[in-house]
Amino acid sequence: MKPIAIDLFCGAGGMSEGILQAGFHIIFSNEISKDASETYRKRHEQLGLEQGKNTWLEVANIKNITGAYIKKKISELKDFKENKNIEIDAIFGGPPCQGFSRAGKQEVNDIRNLLFKEYLRVVSEIKPKYLVFENVPGIVDIKFKNFVSDFNNENYKNKNAIDIIKNELKKIGYNLLEPRILNASNYGVPQNRHRLILIGFRNDMKRPKYPKEIKEKITLREAISDLTNYELDNKKYQNSSQKGRTKNIVTNKTIPEKKKHNNNLSKHYNYIEERFSLLNEGESNSQLRKRLIKNGLEITKYPNLLEYLSNRLIISKSEIVKKCKNLSKENKLLDLIVTKKNSRIKLYLDKPSNTVLTLPDDLILPICNRICSVREFARLQSFDDSFVFYGKRTTGGKARKNEVPQYTQVGNAVPPLLAKAIALEIYKVLKKEWLIWKNIKQ
């Protein structure tokens, strides 16, 4: 019998992939986005997890989901009707982090900042043996002026969410490991992605550990060179992505995939490719701007960009060439050359990627001088190639408030291999507990 898990705020399913790879059975999940839920549901069907048979995905606001409702849906599953009192071994969850993210505005009044309250409420109602809370490191930056406990009306003043969570969990019978910031690149993910992890365990359960770091770092080249045609020889990481890491629960086999799903490449204008080519590996737009102010730009090497600048400013190419020699007082021209997007950065080829975000044009590929495809981002997150993302490829403007396109689904996900490393530590403790219980029974 596999240990039983619940995944809250599951998104497209990055955390779930790692939970499954670690050996858990996911019996209940929750996600509010219909776009992300479609990807999640279809992937789980591919893995033998069938809605109403052996798992349940609830597409709804977590505020409307009670522990009693979760237990009811579990009791109605066809494969679990014989088991009247199923105990949940672990609850995993990462409430939406945009409100806390240091890459965003970190607005105190962002309603998403309070969703951790719902996580705590569900934990208190389900009483799992273990819990994992995941979020961005920026969650410690925001302090609440007044936060009232749902458990005993305690009023927290000027406390951050992690301090509150730690104290609230103790009230309902949970011990906690000290929160840690884990870098996904230390657990086989080809990406420097830092996440704050909090592991809790019920007072009657054994203490788990945080996963040990591995020495080997996977580089951008090793992760996606077959997708970009940098090189044709397959690397170990590429092979495991193609063969699959997550097993179908019926066949107990991974799902190999040679077809490159979600790998449509953006067709940039020639002048945009030339703009991207200005960046050195590891250089951001803000650093490029400073370099151009200091050294100027030989714009004749970039004929398409020169043409674009001449047309936009309605001045001759010769005048543009002259102005580019000294850009220290040419802010308007600099904005057209570099754009005002300071966060854009060109990735290193032989280092792990920077953090994959929801906006694809934040990261530029070296050599190719283009943005990544959805599949390339998925590789950098450690998704199997057989994992297909559904919905719109991307979106913009006001639609971003309601739609969760493929790029956003990938960017918001917990890297499966990071999730697996964490879930394995809980699995190990549960397995020891089960062996002890079995020996006592015998």
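What you see below is based on every heavy atom in this structure, not just the backbone, and it leaves out hydrogens, waters and symmetry mates.
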Asp7-Ser16 side chain donor-acceptor pair, cut-off 3.5 Å
yes

Over 60° means perpendicular and under 30° means parallel, so tell me whether His25 and Phe80 are parallel, tilted or perpendicular.
tilted

Side chains of Glu31 and Ser37, donor plus acceptor under 3.5 Å
no

Candidate list Arg43, Arg245, Lys247, Lys420, test salt bridge (Lys or Arg N to Asp or Glu O under 4.0 Å), partner Glu17, passing option
Arg43

Rounding to 0.5 Å, atoms CG (Leu359) and CG (Leu363) come to a distance of 9.5 Å

Would you call Glu403 and Lys392 a salt bridge, taking side-chain N to carboxylate O under 4.0 Å as the test?
yes

May I ask you to check whether Phe383 and Phe377 place their ring centers less than 6.0 Å from one another?
no

Between Lys341 and Asp362, does any side-chain N to carboxylate O distance fall below 4.0 Å?
yes

No-hydrogen, no-angle side-chain donor-acceptor test under 3.5 Å, Ser277 and Glu274
no

Do Glu257 and Gln242 have side-chain N/O donor and acceptor atoms under 3.5 Å apart?
no

SB check Lys209 Glu425 (cutoff 4.0 Å)
no

What I want to find out is whether Glu87 reaches Lys127 closely enough, with some N-O distance under 4.0 Å, to be called a salt bridge.
no

With a 4.0 Å cut-off, would you call Arg291 and Glu283 a salt bridge?
yes

Any Lys/Arg nitrogen of Glu38 or Lys34 sitting under 4.0 Å from an Asp/Glu carboxylate oxygen of the other?
no

Is there a donor-acceptor contact under 3.5 Å linking the side chains of Asn152 and Lys171?
yes

Under 4.0 Å between a side-chain nitrogen and a carboxylate oxygen: does that hold for Glu178 and Lys166?
yes

Output the distance between atom CG (Asn354) and atom CD1 (Ile345), rounded to the nearest 0.5 Å.
4.5 Å

Under-4.0 Å salt bridge between Asp385 and Arg379:
yes

Once rounded to the nearest 0.5 Å, what's the spacing between atom OG1 of Thr219 and atom CD1 of Ile224?
9.5 Å

Flag the pair Asp150 and Lys117 as a salt bridge only when some basic side-chain nitrogen lies within less than 4.0 angstrom of an acidic carboxylate oxygen.
yes

